[in-house]
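For reference, the structure is listed below as structure tokens.
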Amino acid sequence: RRHAVGHSVDTVLAQGGFVGHRSFGAGDSNSAFLGDATGSIIPPIFPSTTYARDGSRGGYDLRHYSVPPKDVIVDDIFGDDDTRAARSSRKKGDSSGNASGNHHAKGHPNKPHLDDKETEKGLMYSRPDNPTYTQTESLLASLEEGQDAALFSSGMAAVAAVASATLRAGDRAAIPKNCYFAVRVFFEEWCEQFGVECALYDCEKPGDLERAVRGETSRGENKEKNHVENFGDGKCKLLWIETPSNPTWRVTDVIAAVTVAKKCGTTVCCDATVLTPLVCKPLKLGADLVMHSATKYLNGHSDVVAGAVVGRKTVSSETPDKAYEQVGGEPLPSETRQTEVWRRLLRARSFGGSVLGPFEAWLLLRGARTLHVRVARQCESAMFLAKKLVSHARVSAVFYPGLDSHPGHVIAAQQQSSKPSEGNERLFGGMLSIRCAGGKEAALLTTSLTKVWFPATSLGGVESLMEHRKSVEGPSSETPDDLLRLSVGLENKHDLWMDLSKALEEAHARTSGPELRD
């Protein structure tokens with residue numbers, strides 16, 4: 001029997017989840033799922049595409065394999081244990097099995113909310129289920145304090161699955177104008193193809209998000225005759241949030257956005273790739289789903305392409321009665337809708353084939369085991385660089401929510417990190433952007449002059465990367481052509497500063513005329 005004893009997030013990550021699993025499943029013939037039969041402390045990989053369900057291979061009976069409960073995390077990253085209460089919603093004797101002795105958890109990561117009979121179906125084929133996923137998905141659900149998690153073959157595969165699970169012809173999706181460029185382009189093209197309205201909003205423009213969700217014009221007029229006061233027209237089924245937004249790092253007030261969405265019966269999905277669950281937990285702020293490009297910080301070693309979606313434990317019951325969705329002719333209230341959304345999400349992954357390979361899932365778990373150490377260092381270095389760059393003569397603007405001068409700093413401080421323990425600063429992420437005073441030419445040249453920073457796409461890895469995003473996003477992008485996106489890695493922060501500062505100075509000298517040089 002496993003007791004509901006909590007552990008710090010550092011411990012949970014370092015051990016890859018399932019802390020204390022040695023006592024779980026004692027005497028269970030399937031307990032080797034938690035580590036191989038040799039006693040290895042490294043979780044195993046299950047590469048098989050199909051499974052003998054009668055236990056005739058390897059001694060496992062995959063019809064009734066045990067799924068451990070998720071870890072109980074009792075403190076925030078770098079937090080003070082003495083000042084924080086246990087954060088798990090699991091209570092003594094609940095159905096999760098961590099105190100009752102029931103080892104078949106209803107909400108385990110590979111299944112939607114099903115009854116015990118359905119849960120005990122076990123494994124049949126690797127496309128919908130693979131035991132290699134279990135530990136990684138359970139770890140992500142624990143970190144986000146969610147109910148379920150699902151791995152995908154990429155971050156964009158996860159985005160596509162969310163769209164498929166939440167939207168139907170005639171619906172509307174509210175998408176930020178300023179977000180990861182590929183996400184915005186995907187929704188614009190996908191919505192056009194499937195008859196869904198794509199309403200773009202500016203997260204920094206007061207009332208613009210609400211306008212998009214409620215179905216109003218830019219002038220605040222109701223577009224539909226059936227528009228209901230306070231609830232909008234009821235057509236918005238997905239509100240997509242990205243905070244801070246890539247690459248200008250604009251901040252969205254998640255709680256305010258959720259408040260608007262819930263009045264209209266809208267599912268809220270937050271892209272938290274840049275912050276990771278160690279800096280921000282959107283589900284605790286009210287979002288229904290949180291999406292990660294696990295390629296980035298969660299893996300952190302630039303050797304895996306993966307995505308993930310985590311669903312919340314409970315759904316607000318405050319959604320108005322009018323906020324129903326018709327599925328199969330029957331109205332579904334908010335909580336039932338979210339259960340249906342999760343079922344559709346898993347079906348989209350299975351039938352769409354957007355599954356992650358077992359080896360990639362194993363690599364993702366391996367990378368996540370150092371997440372707490374990496375994120376702490378990257379946040380510290382990013383803040384150091386942002387403060388230095390603000391006063392650099394060759395930089396005209398610095399975008400980083402950790403700066404007091406950032407328009408979204410106050411909101412970021414409220415939702416992007418918990419109150420730190422004594423001696424620790426708040427965390428604002430490891431990403432920032434700068435605008436070069438010398439314009440586009442100086443920006444492009446800077447990327448070729450650095451010695452420590454790599455000019456490359458992606459972010460969140462151990463190596464520091466720099467990219468001219470306008471060149472990648474193309475002419476339709478609203479990203480300034482003098483902007484450089486910086487992904488801060490684990491190198492010494494002083495080395496990073498000296499290398500970047502020198503490159504900026506040299507780029508300015510080469511691109512400015514003699515009369516403009518110092």
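Aromatic pair Phe384/His494: ring centres closer than 6.0 Å. Between His292 and Tyr297, the ring centre distance reaches or exceeds 6.0 Å.
With rounding to the nearest 0.5 Å, the separation of NZ in Lys281 from CD1 in Ile73 is 6.5 Å. One distance of note links OG1 of Thr479 with CG of Asn178; it measures 7.5 Å at 0.5 Å rounding. Interatomic distance, Leu139 CG to Leu298 CG, rounded to the nearest 0.5 Å: 9.0 Å. Here the SG atom belonging to Cys270 is positioned 5.5 Å from the CD1 atom belonging to Ile241, to the nearest 0.5 angstrom. From Leu490, atom CG reaches atom CG of Leu496 across 9.5 Å, with rounding to the nearest 0.5 Å. With rounding to the nearest 0.5 angstrom, the CG atom of Leu445 is 12.0 Å from the NE2 atom of His508.
Put simply, the side chain of Val258 does not reach to within 4.5 Å of the side chain of Leu285, judged on heavy atoms. Side-chain atoms of Thr248 and Leu483, non-hydrogen and from C-beta on, do get closer than 4.5 Å to each other. In this structure, Val309 and Leu345 have side chains that are in contact, with non-hydrogen atoms separated by less than 4.5 Å. The shortest distance between side-chain heavy atoms of Leu356 and Phe152 does not fall below 4.5 Å. The shortest distance between side-chain heavy atoms of Ile434 and His392 does not fall below 4.5 Å. Residues Met291 and Val159 are in side-chain contact: their nearest non-hydrogen atoms beyond the backbone lie under 4.5 Å apart. When side chains are defined from C-beta on, Trp342 counts as touching Leu289, because their heavy atoms get closer than 4.5 Å. Using a 4.5 Å heavy-atom cutoff, the side chains of Phe428 and Cys379 are not in contact.
Smallest separation of non-hydrogen atoms from Leu209 and Ala257: CD1-CB, 3.8 Å. For Tyr400 against Gly429, the heavy-atom pair with the smallest separation is OH-O, 2.7 Å. Shown here for Leu484 and Cys436, the closest heavy-atom pair between the two residues is CD1-SG, 3.7 Å. Taking every heavy atom of both residues into account, Asp253 and Ile411 meet most closely at OD2-CD1, 3.5 Å. Between Glu242 and Tyr180 the shortest heavy-atom distance is OE1-N, 2.9 Å. Of all heavy-atom pairs spanning Asp208 and Leu200, the tightest one is OD2-O, 4.4 Å.
For Glu204, the salt bridge (charged side-chain N to carboxylate O under 4.0 Å, His left out) test picks out Arg250, with sequence neighbours left out. Under the rule for a salt bridge (charged side-chain N to carboxylate O under 4.0 Å, His left out), the partners of Asp482 that lie at least two apart in sequence or sit in another chain are Arg435. The side-chain contact (heavy atoms from CB on, under 4.5 Å) test applied to Lys470 returns His468, Ser477, Asp481, not counting sequence neighbours.
Under the 3.5 Å distance criterion, the side-chain polar atoms of Ser487 are left unmatched by any main-chain donor or acceptor of Leu459. Between the side chain of Thr511 and the backbone N or O of Ala507 there is at least one donor-acceptor pair closer than 3.5 Å. Thr252 places no side-chain N or O within donor-acceptor distance of the main-chain N or O of Val254, the cut-off being under 3.5 Å. No donor-acceptor distance shorter than 3.5 angstrom exists from the side chain of Thr132 to the backbone of Pro358, with no hydrogens or angles considered. When atom types are taken as modelled, the side chain of Thr136 and the backbone of Ala361 share a donor-acceptor pair closer than 3.5 angstrom. Listed for the Glu137 side chain is no donor-acceptor partner under 3.5 Å among the backbone atoms of Asp148. When atom types are taken as modelled, the side chain of Ser433 and the backbone of Pro247 share a donor-acceptor pair closer than 3.5 angstrom. Between the side chain of Ser391 and the backbone N or O of Lys388, at least one donor-acceptor pair lies under 3.5 Å. Side chain of Asp271 to backbone of Val290: no donor-acceptor contact under 3.5 angstrom is found. Thr446 places a side-chain N or O within donor-acceptor distance of the main-chain N or O of Ala442, the cut-off being under 3.5 Å.
Checked by atom type, the side-chain pair Asn246/Arg485 shows a donor-acceptor distance below 3.5 Å. Under the 3.5 Å distance criterion, with hydrogens and angles disregarded, a donor-acceptor pair is assigned to the side chains of His409 and Asp404. Between the side chains of Ser302 and Glu463, at least one donor N or O lies within less than 3.5 Å of an accepting N or O.
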Evaluation steps, side-chain contact (heavy atoms from CB on, under 4.5 Å), between Lys296 and Ser458: CA-CA 7 Å; Lys296 312 305 193 296; Ser458 198; 3.5 Å; yes
Residue pair Arg127, Ser350: steps toward the side-chain hydrogen bond (donor to acceptor under 3.5 Å, both in side chains) verdict: CA-CA 6 Å; Arg127 178 160 42 80; Ser350 177; 3.3 Å; yes
Candidate pair Lys502 and Glu506, rule salt bridge (charged side-chain N to carboxylate O under 4.0 Å, His left out), full reasoning: CA-CA 6 Å; Lys502 182 179 178 181; Glu506 187 173 348; 5.7 Å; no
Audit row: Val274, Thr243, side-chain contact (heavy atoms from CB on, under 4.5 Å) steps and yes/no: CA-CA 8 Å; Val274 169; Thr243 186; over 6 Å; no
Intermediate values then yes/no, salt bridge (charged side-chain N to carboxylate O under 4.0 Å, His left out), Arg369 and Asp10: CA-CA 9 Å; Arg369 293 174 70 172; Asp10 304 51; over 6 Å; no
Stepwise side-chain contact (heavy atoms from CB on, under 4.5 Å) test for His301 and Arg374: CA-CA 10 Å; His301 292 79; Arg374 290 186 283 106; 4.0 Å; yes
Phe187/Leu238 under side-chain contact (heavy atoms from CB on, under 4.5 Å): CA gap, chis, key distance, verdict: CA-CA 11 Å; Phe187 274 108; Leu238 175 63; 3.8 Å; yes
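For NZ of Lys177, the number of neighbouring non-hydrogen atoms (other residues, nucleotides, ligands) closer than 6.0 Å is greater than 12.
Between Lys451 and Asp495 there is no salt bridge, since no side-chain nitrogen of the basic residue lies less than 4.0 Å from a carboxylate oxygen of the acidic one.
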